[in-house]
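Before any comments, here is the structure.
In what follows, chains are A, B, ... by sequence order, proteins preceding strands, each numbered from 1.
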Number of protein chains: 2
Amino acid sequence: MAVETKDFYVQQDKMYVATDCIIFGFDAGKLKLLIFKRRVEPLMGEWSLIGSFVKIDEDVDEAAKRILTEITGLENVFMEELKTYGATNRDPGARCISIGQYALIRIEDYDKELVEKHGAIWYDLDEIPNLVLDHNQMVQDALGRLRRKARYQPIGFELLPEKFTIPQLQQLYEAIYQNELDARNFRKKVLSYNVLIKLDEKDKSSSRRGAFLYKFDDINYQKLRKSGYNFEIS
Amino acid sequence: MAVETKDFYVQQDKMYVATDCIIFGFDAGKLKLLIFKRRVEPLMGEWSLIGSFVKIDEDVDEAAKRILTEITGLENVFMEELKTYGATNRDPGARCISIGQYALIRIEDYDKELVEKHGAIWYDLDEIPNLVLDHNQMVQDALGRLRRKARYQPIGFELLPEKFTIPQLQQLYEAIYQNELDARNFRKKVLSYNVLIKLDEKDKSSSRRGAFLYKFDDINYQKLRKSGYNFEIS
DNA sequence: AAAATTAATGTATAAATTACATTTATTACC
DNA sequence: GGTAATAAATGTAATTTATACATTAATTTT
C-alpha cells in the first residue's frame with residue numbers, strides 16, 4: 001500500500017529510519033543553531049533541522065556525518081547521538097523514526113557558500129522559529145544535553161576556534177549556562193586543570209590591551225582523565 | 001529480494017528496527033543482569049538480551065515496555081533509552097538497527113514463573129557470558145551510563161525495595177561504583193538531602209540490632225530539584 | 001548474663017569554593 | 001607625547017564541603 005503526500009509516495013507499512021542533526025555554533029557571545037528552510041514537499045518552506053533517511057548500506061552515525069558534510073563542508077566534527085524520536089505519530093506522512101544527533105562546530109570554519117546553497121541559516125538559540133515535526137523538542141533536548149555535558153567534559157572547546165582567549169571561553173560557558181561567572185574564579189579553575197597551553201600571541205579584537213591566546217592540550221587532558229579526574233566547570 | 005537464514009526470511013533491502021532491553025537488578029549486594037537463552041533460530045541456544053522488533057504501530061519506548069512486561073510481568077519500571085546500535089554489519093542476517101534501553105527493576109518484584117518460562121536468568125554482572133551480536137557492548141554501555149547517572153540522580157532507588165536500610169543503600173552504591181564507602185560519611189551525605197523518610201520499622205535480616213527502614217521521598221526530591229540542587233553521591 | 005554482631009553517631013582537618021577590588025597593558029585621541 | 005579609556009590579569013580571606021577516623025548502642029543467640 002502506498003499513500004501520496006504531496007509529491008512523493010511512501011509505503012504505509014514500512015518503517016523509515018532517518019537522522020536529524022542539531023548543529024550548534026558559537027558566535028559573538030551567543031549560541032547559534034543551524035536550520036534551514038525546506039525546499040521540497042512536504043512542508044516546503046517550513047523551518048527544519050537538517051536530516052536525511054539512513055541508507056540501507058550506511059551506518060546511522062555515518063548518515064549524520066554525511067549530512068553534516070553535505071551542508072557545511074566540514075569533516076571530523078564533534079557529533080554525538082542524542083536520542084531516538086520514535087513515536088508512531090511524530091511524522092504524519094509515514095512511520096518514520098529519527099535518531100537525533102547533535103554536533104558542535106567552529107562557526108568560522110564552515111563553508112559559507114555551501115550553507116547558503118542549501119538555504120541554511122544560523123539562528124540565535126533564543127530566537128528559533130517553529131520547526132517541523134518534533135524538531136523543536138530535539139533542539140531543547142540537545143541543549144539540555146549540551147548543558148549537562150559541558151559541566152564535566154571539555155566539549156566547549158569544539159565550539160571555539162583552535163586559538164581562543166580565556167575571556168572568550170568564559171563567554172561561551174556563560175552562554176551555555178545562562179549565567180554570569182566571576183572572571184577570577186573562572187580563570188583559576190580552568191587553569192588549574194593544566195589543559196590549556198598559553199601562546200605568545202594576543203587577540204586584540206575586543207580590548208586595547210589584548211588577551212593572550214590559548215590552545216586546548218589534548219595530551220594533558222587524556223592524562224587528567226586517566227588519573228581519574230574530570231574537567232569540571234560549574 | 002529475500003534471503004533464507006535458517007528458519008525465517010528477511011528482506012535484504014528492508015531496514016528493520018528492533019529494541020533490546022538491558023535489565024538490571026540488585027540482589028545480595030551484587031548487580032545482576034537478566035539475559036536469556038534464545039529458543040528460536042537463528043542463534044538458538046545463545047545468550048542474548050531480551051529484545052524484539054518494533055511494530056509498525058508502536059512507539060519505540062512502548063516496544064521496550066511491552067518486552068519487559070512480557071518477560072517479567074512488571075509495569076511502571078524505570079527505563080531509559082541508552083543509544084542506537086546502527087552499524088550496517090551488526091546483524092549478519094539483515095539490516096537491523098536496535099535501540100538499546102536499560103531498565104532498573106526491583107528484583108523481588110518480578111514474576112518468577114514468567115521469567116522462567118522465557119528461559120531468562122539473572123547473571124552476576126561480572127560473570128556475563130558471551131552474548132549474541134553487539135549485546136555485550138550494550139551491557140558495557142548501559143553499565144557506564146548507570147555509573148555516571150547514579151552520581152547525580154537518585155536512580156539507585158529503582159533497584160531497591162520500596163523500604164530499604166541505609167546500609168543496603170550503601171551496598172548498592174558500592175556495587176555500582178566498585179569501591180568501598182565510609183559508612184559515617186555516606187549516611188551523613190544521603191541524609192543531608194532530606195529525601196529519605198525514616199520509618200518506625202527495622203530490618204533484622206542482616207544484624208541482631210536491626211537497621212531502620214527508610215522510604216524515598218519523591219515530593220522532597222522534586223523540591224530539591226526545583227531549588228536547583230541535585231542528589232549527588234560520589 | 002555474656003558474647004557476638006551490625007547499626008548508629010561526632011569531630012577535627014583538609015580541600016574546594018566563593019566573594020570581592022586593584023593594577024596592568026595597550027590604543028585612541030587630543 | 002601625554003592622557004583617557006578599556007578590558008585583561010591577578011590574590012586573599014571567609015565559607016562551605018569533603019575526608020579521615022573510633023566508640024557506643026541495640027538486639028539476638030547461647
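A salt bridge links A:D134 to A:R90: at least one charged side-chain nitrogen sits closer than 4.0 Å to a carboxylate oxygen. By the 4.0 Å N-to-carboxylate-O rule, B:R66 lies close enough to B:E70 to be salt-bridged with it.
Checked by atom type, the side-chain pair B:Y85/B:D141 shows a donor-acceptor distance below 3.5 Å. Looking only at atom types and distance, the side chain of B:E75 has no donor-acceptor partner in the side chain of B:T69 under 3.5 Å away. No hydrogens or angles considered: a donor-acceptor pair under 3.5 Å links the side chains of B:S98 and B:D20.
Figure legend: B:K223 and B:Y221 shown without cation-pi pairing, the cationic atom not lying both under 6.0 angstrom from the six-membered ring centre and within 45 degrees of its axis.
Residues forming a ring pair (Phe, Tyr, Trp, His ring centres under 6.0 Å) with B:Y177 (at least two apart in sequence, or on another chain): B:Y173. In terms of the salt bridge (charged side-chain N to carboxylate O under 4.0 Å, His left out) criterion, A:E46 has no residue partners (sequence neighbours excluded).
Reading DNA chain D from its 5' end, the first and the last nucleotide to sit under 4.0 Å from a heavy atom of chain A are D:dA5 to D:dT12.
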What string of B, S and - do you get for nucleotides 10-18 of chain C, 5' to 3', when a contact is any protein heavy atom under 4.0 Å?
-> BB-----SB
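For residues 197-212 of chain B, proximity to DNA chain D is found at B:K202, B:K204, B:R208, B:R209, defined as any non-hydrogen atom under 4.0 angstrom from a strand atom.
In this structure, the ring of A:Y110 has its center less than 6.0 angstrom from the ring center of A:W122.
If you take CD of B:Q171 and C1' of C:dT6, they are 12 Å apart, rounded to a whole angstrom.
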Please list every donor-acceptor pair under 3.5 Å in which a side-chain atom of residues 148-158 of chain A meets a protein atom from a residue at least two apart or in another chain.
residue	atom	partner	partner atom	Å
A:K149	NZ	A:E80	OE1	3.3
A:K149	NZ	A:E80	OE2	2.8

